[in-house]
Amino acid sequence: MPRLLIPVESTPGETRVAATPDTVKKFLSFGCDVSVERGAGTTSGYLDQAYADQGAQLIDPGDAAGWSQADIFLCVQPPSAASLARLRQGALVVGLLSPYANEELTASLKRGALSAMALELLPRISRAQSADALSSQANIAGYKSVLLASAALDRYFPMLMTAAGTVQPAKVVILGAGVAGLQAVATARRLGAVVYVSDIRPAVKEQVESLGARFIEPPKLEDKPAESGGYAKQASDAFLAAQRQQLSDQLAEADVAICTAQVPGRRAPRLISEDMLDRMRPGAVVVDLAVAQGGNCADTVPGQTVDRNGVKLIGGNDLPCTVPNHASALYARNLVALLEPTLKDGDLKLDLEDELIAGCLVAQDGNILRGDVLTPGAS
Ligand code: NAD
């Protein structure tokens with residue numbers, strides 16, 4: 001009978017938890033035992049007693065026996081090397097493990113003979129949607145980015161007709177129309193803004209327009225950036241220069257810019273330069289969701305709001321953590337969807353023929369299976 005362990009997340013600022021009382025109940029129904037560290041759900045609004053009521057065993061944080069007996073360790077953020085060293089050989093770690101070129105993780109997995117599934121590497125196919133943690137969390141980030149921008153902005157979002165005259169709607173420019181960007185479009189539209197969207201994948205034009213926003217056609221150049229598996233590939237410097245030139249006039253008239261453009265495993269494309277910020281009006285707001293990947297916008301700082309000549313630059317790297325109850329509920333359900341097929345007859349079986357498992361299983365019993373990701377160059 002596999003034993004799951006749900007820890008208190010140790011990364012500073014992390015408020016989410018990898019299982020809720022509801023998902024604990026699910027895992028118990030699959031024939032698992034579940035241990036939950038006391039306080040694991042407190043910052044996301046789930047009480048210890050609620051876990052216990054569903055049948056979880058509560059243990060003290062860091063309880064040595066609890067850790068060494070765990071078969072499956074469910075986390076949100078990657079645990080430290082010292083934490084991973086407390087797990088038994090062959091234990092499976094599942095979470096958002098920041099796998100790209102992560103040498104520390106690679107070394108810990110090898111040293112501890114651990115298995116690990118990195119949710120970032122789940123293929124973006126229809127069958128994987130219910131397990132897609134990147135999407136569930138990006139959706140929240142996109143929603144919250146617009147709320148933060150509207151709270152920081154010195155204007156209304158909607159057009160209003162008042163006795164004192166008509167107020168024009170805010171102009172919002174959204175860079176990147178993936179999961180976060182499309183949710184940002186929908187949220188800004190619900191608040192009544194006029195929304196413009198830039199993305200380099202032509203396929204998103206229809207989605208953007210169906211949400212009532214206007215699509216900014218990407219620059220027409222010979223070296224168009226390619227797309228693979230639904231993701232954008234890295235654009236050339238020449239393409240990005242042409243794109244910045246095109247966006248500069250749009251941003252000069254914008255009240256808000258929401259930056260969500262990313263290329264998996266790469267530094268985020270720099271779409272707003274110092275010069276472009278110089279042209280934005282004081283009072284305008286930029287929220288940069290790509291700030292932890294190098295930022296789409298110059299001068300943004302993770303987790304901080306920078307006042308740059310009156311333009312507020314918000315580093316929105318941790319927005320799912322500001323909506324921890326729903327972020328945890330959705331994340332925890334993603335984990336159930338991913339693991340349910342592997343938990344058959346009271347046993348854990350990882351089927352490498354299954355493309356979902358093969359995609360995200362970065363290591364098995366210390367053998368590195370996705371060396372192409374963990375350590376670029378190695379296969
Ligand atoms: P992401 O976070 O990697 O990137 C966000 C957006 O930035 C993408 O739309 C990308 O095209 C865009 N971008 C990259 N470079 C840019 C640039 N220079 N200028 C402007 N935009 C730029 O993407 P994501 O949100 O994870 O989604 C990627 C794709 O996967 C989307 O098409 C999404 O619909 C699809 N998807 C599929 C599934 C599924 O079928 N299971 C689930 C989720 C997402």
Side-chain angles (χ1 to χ4, degrees), residues 16 124 126 128-153 155-160 167-218 227 230-232 247 250-251 253-262 264 268-269 271-272 284-291 296-297 312 314-331 333-334:
R16 294 167 293 178
R124 298 320 260 291
S126 305
Q129 278 181 4
S130 55
D132 189 343
L134 284 186
S135 289
S136 68
Q137 305 305 297
N139 218 342
I140 291 177
Y143 159 81
K144 194 65 190 275
S145 66
V146 173
L147 298 191
L148 284 182
S150 69
L153 186 65
R155 303 180 56 153
Y156 277 119
F157 257 44
M159 184 177 92
L160 287 179
V167 168
Q168 292 305 317
K171 173 172 172 173
V172 175
V173 176
I174 295 180
L175 306 178
V179 178
L182 289 175
Q183 183 55 253
V185 174
T187 306
R189 290 288 301 140
R190 272 182 226 122
L191 287 175
V194 173
V195 180
Y196 290 76
V197 180
S198 167
D199 197 298
I200 53 177
R201 291 182 300 122
V204 300
K205 179 175 196 259
E206 206 179 306
Q207 295 165 14
V208 162
E209 289 177 350
S210 73
L211 290 169
R214 294 169 210 185
F215 187 63
I216 304 168
E217 296 286 347
E227 149 171 13
Y231 285 116
L247 289 173
Q250 292 281 359
L251 288 165
E253 291 170 4
D255 297 299
V256 169
I258 306 279
C259 304
T260 78
Q262 303 225 30
L271 299 176
I272 307 182
V285 180
V286 179
V287 183
D288 192 351
L289 298 188
V291 65
N296 291 154
C297 177
K312 295 192 187 80
I314 300 176
N317 52 304
D318 57 354
L319 298 191
C321 294
T322 67
V323 191
N325 188 272
H326 271 157
S328 301
L330 296 169
Y331 181 78
R333 282 187 224 157
N334 293 145

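Fair warning: this is a prediction, and the values are worked out from it, not measured in the lab.
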Gln250 to Tyr196 - nearest heavy-atom pair and separation: OE1-CD2, 3.8 Å
Separation between OG1 of Thr260 and CG of Leu175, rounded to the nearest 0.5 Å: 7.0 Å
Non-neighbouring partners of Ala177 that pass side-chain contact (heavy atoms from CB on, under 4.5 Å), sequence neighbours left out: Leu182, Val197, Asp199, Val204, Val208
Donor-acceptor contact below 3.5 Å, side chain Asn334 vs main chain Ser130: yes
Shortest non-hydrogen separation from Lys144 to Thr322 and the atoms involved: NZ-OG1, 3.1 Å
Heavy-atom closest pair, residues Gly192 and Pro169: O-CB, 3.5 Å
Nearest non-hydrogen partners of Ile140 and His326, listed with the distance: CD1-C, 4.1 Å
Atom of Leu289, atom of Gly316 and distance for their closest heavy-atom approach: CD2-O, 3.4 Å
From CA spacing to verdict: side-chain contact (heavy atoms from CB on, under 4.5 Å), Lys312, Leu153: CA-CA 9 Å; Lys312 295 192 187 80; Leu153 186 65; over 6 Å; no
Flag if over 12 foreign heavy atoms under 6.0 Å of CD, Glu206: no
Whether over 12 other heavy atoms sit under 6.0 Å from Tyr156 OH: no
Donor-acceptor contact below 3.5 Å, side chain Asn296 vs main chain Ala290: no
Gap between atom CZ of Arg214 and atom CD of Glu209 - 0.5 Å precision: 10.5 Å
N/O donor-acceptor pair under 3.5 Å between Ser136 side chain and Ala133 backbone: yes
Worked check of side-chain contact (heavy atoms from CB on, under 4.5 Å) between Cys259 and Leu271: CA-CA 9 Å; Cys259 304; Leu271 299 176; over 6 Å; no
Polar side-chain atom of Gln137 near backbone of Ala327 as donor-acceptor pair, under 3.5 Å: yes
side-chain contact (heavy atoms from CB on, under 4.5 Å) evaluation trace for Val179 with Leu134: CA-CA 9 Å; Val179 178; Leu134 284 186; over 6 Å; no
Pro269 versus Ala261, closest heavy-atom pair with distance: CD-O, 3.6 Å
Step-by-step side-chain contact (heavy atoms from CB on, under 4.5 Å) determination, Val185 to Gln207: CA-CA 10 Å; Val185 174; Gln207 295 165 14; over 6 Å; no
Any donor-acceptor N/O pair, Asp132 side chain to Ser135 backbone, under 3.5 Å: yes
CG on Asp255 to CZ on Arg155, rounded to 0.5 Å: 4.5 Å
Exam field: side chain Ser198 to backbone Ile216, donor-acceptor pair closer than 3.5 Å: no
